[in-house]
Amino acid sequence: MLNAEQKQLLAQLSNTTLVNFVADIYGVDKILDKKIDRLLLQSDKPKLIKKLTTTLKGLKRRRKFIDYWESSEFATELHHLASDVMSLYPQQPSQCLELIELFISSTNSSLQRCDDSNGEVGGVYSDLTQSWLTVASTCYEQEKSSLPIDEQDILSHAWVKKVKALADDNDYGTKDNLLKDIDQLLSEPEIRGLIADYQQEREIIQTKKTNEDTLSERQNSPLSDGTFSINYEKMVIEIAIKNLTRALGDVGFFEAVFFEMQETRPVHPRRLEELLTFLLDQGAYDKALHYLNEEWQSDGLMDKIRRLDWLSNIHHMQKNTDALTEVLGEVFELQSTPTRLKSIMAVASPAQQAQWRKRAYELAEQQESVFMATSLLLEIGEIELANQVAVARQAQFADVHYTALTGMLKEIPAGTDLIQVIIYRRLMGDILDSARSKAYGHAARYYNHLVKLDKLVDRLDEGYSGIDNHLKFVSALKDKHGKKRSFWERLDD
């Protein structure tokens with residue numbers, strides 16, 4: 001993408017130069033050609049609208065399946081198409097809105113015939129929702145301004161009905177943010193009216209659910225397909241109601257609606273996090289603290305950690321350093337990682353930092369994971385001890401995931417030669433033991449690192465104390481993997 005300076009330089013070029021350049025690149029790429037064709041139509045808006053209408057109608061009729069490898073190209077085509085549609089805004093909002101709605105109507109058709117594992121195609125359609133809100137807001141205001149007051153209720157009902165129809169057609173989740181951001185388009189009374197409509201639907205579906213549950217209990221039978229369908233419909237309606245109340249930003253109303261939909265109290269921590277997110281977005285920190293202290297109940301370690309993370313986030317927002325330091329200390333005791341220690345050190349006083357270094361030293365000795373033990377020691381600068389621990393527990397590195405090991409190598413400080421030797425041997429051995437020939441290039445790179453480290457370790461007083469020296473290691477490696485010629489051929493001379 002061009003930066004501002006490059007764009008400025010382009011603007012200084014003559015029209016003839018730019019025209020000749022566009023003419024030269026025309027025919028190089030099909031998608032680029034389509035973009036140029038549409039740019040040529042910019043000077044003739046009626047033709048552009050006609051072309052876009054034809055293209056969008058054709059998009060909905062396409063049937064060819066798009067596999068994973070083609071999906072990015074398809075997403076790029078859709079992105080350019082969306083950009084062309086939005087080029088009509090704000091000069092021609094009504095025509096732009098009609099095209100966006102035509103574009104959105106192709107959502108299900110496009111995603112049904114596409115392997116969108118990377119989410120790029122769905123992402124374009126999700127962005128269309130925000131574009132629709134932007135353009136619809138302008139259109140609604142223009143329509144209201146052209147009508148007398150006594151006719152605006154009819155217009156309001158029409159727009160609310162349009163929003164609901166759009167939100168309900170959401171099989172692929174591309175309109176998830178529509179109701180959350182609906183305050184960009186609808187007024188508070190309109191949003192509350194829409195909430196009332198959904199609440200009425202919820203009461204009807206709740207009655208159906210009760211009847212189905214009663215029937216299942218009487219017949220002592222498992223849940224039927226009809227019951228699952230009802231439960232799904234109820235869930236969709238409840239999500240819509242919560243998104244609408246979130247758009248209002250009314251804390252008390254959101255709380256009431258949230259707890260009305262909970263079947264049990266106290267609420268499970270995972271569900272409670274939805275309420276906490278809203279409260280923090282609204283700056284209602286005291287209410288959030290209340291629910292964390294009174295409503296959050298779980299004996300699980302990870303839930304305890306998540307609760308403390310919520311508390312630390314609130315204390316950070318409130319700039320309550322003392323409370324923040326205390327909570328960060330609690331969570332570090334439960335999950336003693338270098339990242340947790342860094343968080344404490346960032347807010348602790350010098351005296352507190354000294355205490356936490358001492359505590360980190362003690363916790364490092366208690367760690368079951370050799371990775372965490374060495375990482376903590378390195379974080380507090382105990383490099384020599386970290387080397388000793390790594391050597392003493394070298395076999396345990398076989399249980400550490402390779403991503404954690406490669407991540408450590410990127411940040412490991414000087415003086416950790418023995419730790420690096422152990423890690424590189426572990427990474428290389430894992431590849432060779434599993435005969436992953438496609439990764440032999442990585443294994444060769446690890447071997448070459450070991451050759452360089454050998455010269456450094458030889459200079460140490462203790463040398464390879466506690467682990468096999470390089471010659472012995474290579475000899476054992478050749479005995480075990482000597483026939484893997486495609487690996488040995490990759491090594492540096």
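The first residue in the sequence is number 1, and the count goes up from there.
From Leu279, atom CG reaches atom NZ of Lys287 across 7.5 Å, with rounding to the nearest 0.5 Å. Rounding to the nearest 0.5 angstrom, the gap separating the CD atom in Glu274 from the CD atom in Gln262 is 7.5 Å. With values rounded to the nearest 0.5 angstrom, Leu477 atom CG is found 9.0 Å from His470 atom NE2.
No hydrogens or angles considered: a donor-acceptor pair under 3.5 Å links the side chains of His442 and Arg445. For the residue pair Gln352 / Ser349, a side-chain donor-acceptor distance below 3.5 Å is found, with atom types taken as modelled. Using a 3.5 Å distance cut-off with no hydrogens or angles, the side chains of His481 and Asp433 do pair a donor with an acceptor. Under the 3.5 Å distance criterion, with hydrogens and angles disregarded, a donor-acceptor pair is assigned to the side chains of Arg307 and Asn293. Asp454 and Tyr464 share a donor-acceptor pair across their side chains, judged by distance under 3.5 Å alone. Between Lys452 and His449, the side chains place no donor N or O within less than 3.5 Å of an acceptor N or O (distance only, hydrogens not considered).
Ring geometry for Phe278 against Phe254 counts as parallel: the plane angle stays under 30°, on a 0 to 90° scale with 60° as the upper cut.
Checked against the 6.0 Å centroid threshold, Phe259 and Tyr291 count as a close aromatic pair. Between Phe103 and Tyr125, the distance from one ring center to the other falls under 6.0 angstrom.
Cation-pi geometry between Arg113 and Phe74 is met: the NZ or CZ atom falls under 6.0 Å from the ring centre, inside 45° of the normal.
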Side chain to side chain contact (heavy atoms under 4.5 Å, CB included) between Phe258 and Thr245, intermediate numbers included: CA-CA 9 Å; Phe258 177 82; Thr245 54; over 6 Å; no
